[in-house]
Amino acid sequence: MAGNPHVGVLALQGDVREHAALLASLGAEVTLVRRPEELARVDGLVIPGGESSVIDKLARPFGMQHPIRDAISAGLPVLGTCAGLIMLADRLADGIEGQQTFGGLDVLVRRNAFGRQVDSFEGAIHVPALGEPAVRAAFIRGPVVEDVGSDAVVLAVLDDGSIVAVEQGNLLGISFHPEISGETRFHERFLARVAEWTAVRAA
Ligand code: GLN
């Protein structure tokens with residue numbers, strides 16, 4: 001399909017506007033997604049950072065949990081940052097009572113995994129898949145990927161061994177916030193997936 005990619009930002013809670021602005025600056029047409037009908041119209045979805053337990057709690061009454069799970073299984077490209085990564089994880093540690101995720105990424109993610117002293121920090125991370133320069137990453141009470149199943153690929157590891165970015169087919173999950181540090185390459189990678197997905201669907 002020709003034209004600008006049409007992507008959504010899940011807009012139940014979190015830093016929705018920052019992602020929408022960044023995607024628009026990269027030439028995407030952006031819809032804020034709160035309803036299944038809106039999800040059905042986009043060719044990719046960003047799940048923003050925020051508070052995963054709140055996104056989960058809102059997704060269920062909004063009737064979004066099952067449609068998002070179905071879309072992920074069908075191959076919809078999804079980029080999840082921070083709370084969004086948590087929402088993409090198949091397995092969750094330190095969730096609140098009853099907390100659920102959408103799943104799709106074959107990983108175990110631990111919420112709020114950095115110690116109190118360093119729960120928010122900014123640093124440069126080498127991400128081989130993105131090349132040079134290093135990624136400037138802002139961590140804000142971010143999660144860490146503690147276990148990676150055979151289907152998921154690790155994209156970034158901190159010096160202490162913490163896994164902070166993973167990819168699996170149509171899904172990309174990162175612990176930090178590229179949208180607030182001026183880093184565009186993850187969103188570009190996501191939009192490349194969207195273009196592939198759109199071409200497959202149009203074929
Ligand atoms: N600590 C949050 C959670 O558990 C994530 C923080 C963030 O998205 N910046 O969902």
Side-chain angles (χ1 to χ4, degrees), residues 6-23 28 30-113 119 139-149 151-152 164-177 179-180 186-187 190 193-194 197 201:
H6 186 188
V7 298
V9 180
L10 185 63
L12 298 173
Q13 189 267 340
D15 70 332
V16 173
R17 276 184 305 171
E18 288 80 356
H19 285 282
L22 177 48
L23 290 163
V30 183
T31 294
L32 303 188
V33 170
R34 296 188 185 85
R35 303 274 171 201
E37 314 83 82
E38 292 156 349
L39 179 67
R41 288 201 296 270
V42 297
D43 293 316
L45 183 69
V46 171
I47 306 178
E51 173 48 53
S52 56
S53 60
V54 175
I55 295 174
D56 168 43
K57 274 205 180 119
L58 292 172
R60 289 189 254 168
F62 274 72
M64 290 302 282
Q65 188 191 56
H66 292 289
I68 289 176
R69 284 181 177 162
D70 291 347
I72 287 171
S73 317
L76 184 77
V78 182
L79 166 64
T81 67
C82 208
L85 162 61
I86 295 170
M87 294 308 299
L88 287 177
D90 281 345
R91 299 179 293 287
L92 175 61
D94 287 345
I96 68 164
E97 171 97 33
Q99 183 172 350
Q100 296 179 18
T101 68
F102 302 132
L105 277 178
D106 182 15
V107 298
L108 166 68
V109 161
R110 183 173 300 278
R111 282 175 73 231
N112 304 331
D119 66 357
F139 289 83
I140 306 169
R141 292 178 60 75
V144 163
V145 177
E146 290 199 337
D147 186 51
V148 179
D151 291 336
V164 293
V166 289
E167 186 168 49
Q168 182 178 336
N170 51 320
L171 306 178
L172 181 54
I174 54 187
S175 297
F176 45 88
H177 290 267
E179 74 285 1
I180 64 172
F186 287 100
H187 290 73
F190 161 70
R193 293 275 178 284
V194 171
W197 165 247
R201 285 215 309 193

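In this chain, residues are counted from 1 in sequence order. The structure displayed is predicted, hence computed values, not measured ones.
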If I compare all heavy atoms of [X] with all of [Y], which pair ends up nearest, and what's the gap?
| X | Y | value |
| --- | --- | --- |
| Leu32 | Glu38 | O-OE1, 3.5 Å |
| Arg35 | Met64 | C-SD, 3.3 Å |
| Asp106 | Gln168 | N-OE1, 2.7 Å |
| Ala93 | Leu108 | N-CD1, 3.9 Å |
| Pro36 | Phe62 | CD-O, 3.9 Å |
| Leu45 | Leu10 | CD1-N, 3.7 Å |

Would a distance-only check, ignoring hydrogens and angles, find a side-chain to backbone donor-acceptor pair under 3.5 Å from [X] to [Y]?
| X | Y | answer |
| --- | --- | --- |
| Arg111 | Pro143 | no |
| Thr101 | Leu88 | no |
| Gln65 | Phe102 | no |
| Arg34 | Leu12 | no |
| Asp90 | Gly104 | yes |
| Asp43 | Val194 | no |
| Arg41 | Thr31 | no |

Quick one, [X] and [Y] - any side-chain contact, counting heavy atoms below 4.5 Å?
| X | Y | value |
| --- | --- | --- |
| Pro77 | Phe190 | yes |
| Ile72 | Leu171 | yes |
| His187 | His19 | yes |
| Ile180 | Asp15 | yes |
| Ile140 | Phe176 | no |

Roughly how far, to the nearest 0.5 Å, is [atom2] of [Y] from [atom1] of [X]?
| X | Y | atom1 | atom2 | result |
| --- | --- | --- | --- | --- |
| Ser52 | Gln13 | OG | CD | 9.0 Å |
| Gln99 | Ile86 | CD | CD1 | 7.0 Å |
| Leu85 | Leu105 | CG | CG | 7.0 Å |
| Asp56 | Glu51 | CG | CD | 10.0 Å |
| Leu79 | Ile174 | CG | CD1 | 5.5 Å |
| Thr81 | Met87 | OG1 | CE | 12.5 Å |

Original post:
Would the number of heavy atoms belonging to other residues, nucleotides or ligands and lying under 6.0 Å from CZ of Arg201 be above 12?
Top reply: yes

Original post:
So Val144 and Val109, side-chain contact (heavy atoms from CB on, under 4.5 Å) or not? Walk me through it.
Top reply: CA-CA 6 Å; Val144 163; Val109 161; over 6 Å; no

**OP:** Start with the C-alpha gap between Arg193 and Glu167, add the side-chain angles, then the distance that decides, and say whether salt bridge (Lys or Arg N to Asp or Glu O under 4.0 Å) holds.
**Re:** CA-CA 11 Å; Arg193 293 275 178 284; Glu167 186 168 49; 3.0 Å; yes

Subject >> CA sep, side-chain torsions, deciding dist, call: Val46, Leu23, side-chain contact (heavy atoms from CB on, under 4.5 Å) >> reply: CA-CA 10 Å; Val46 171; Leu23 290 163; 3.8 Å; yes

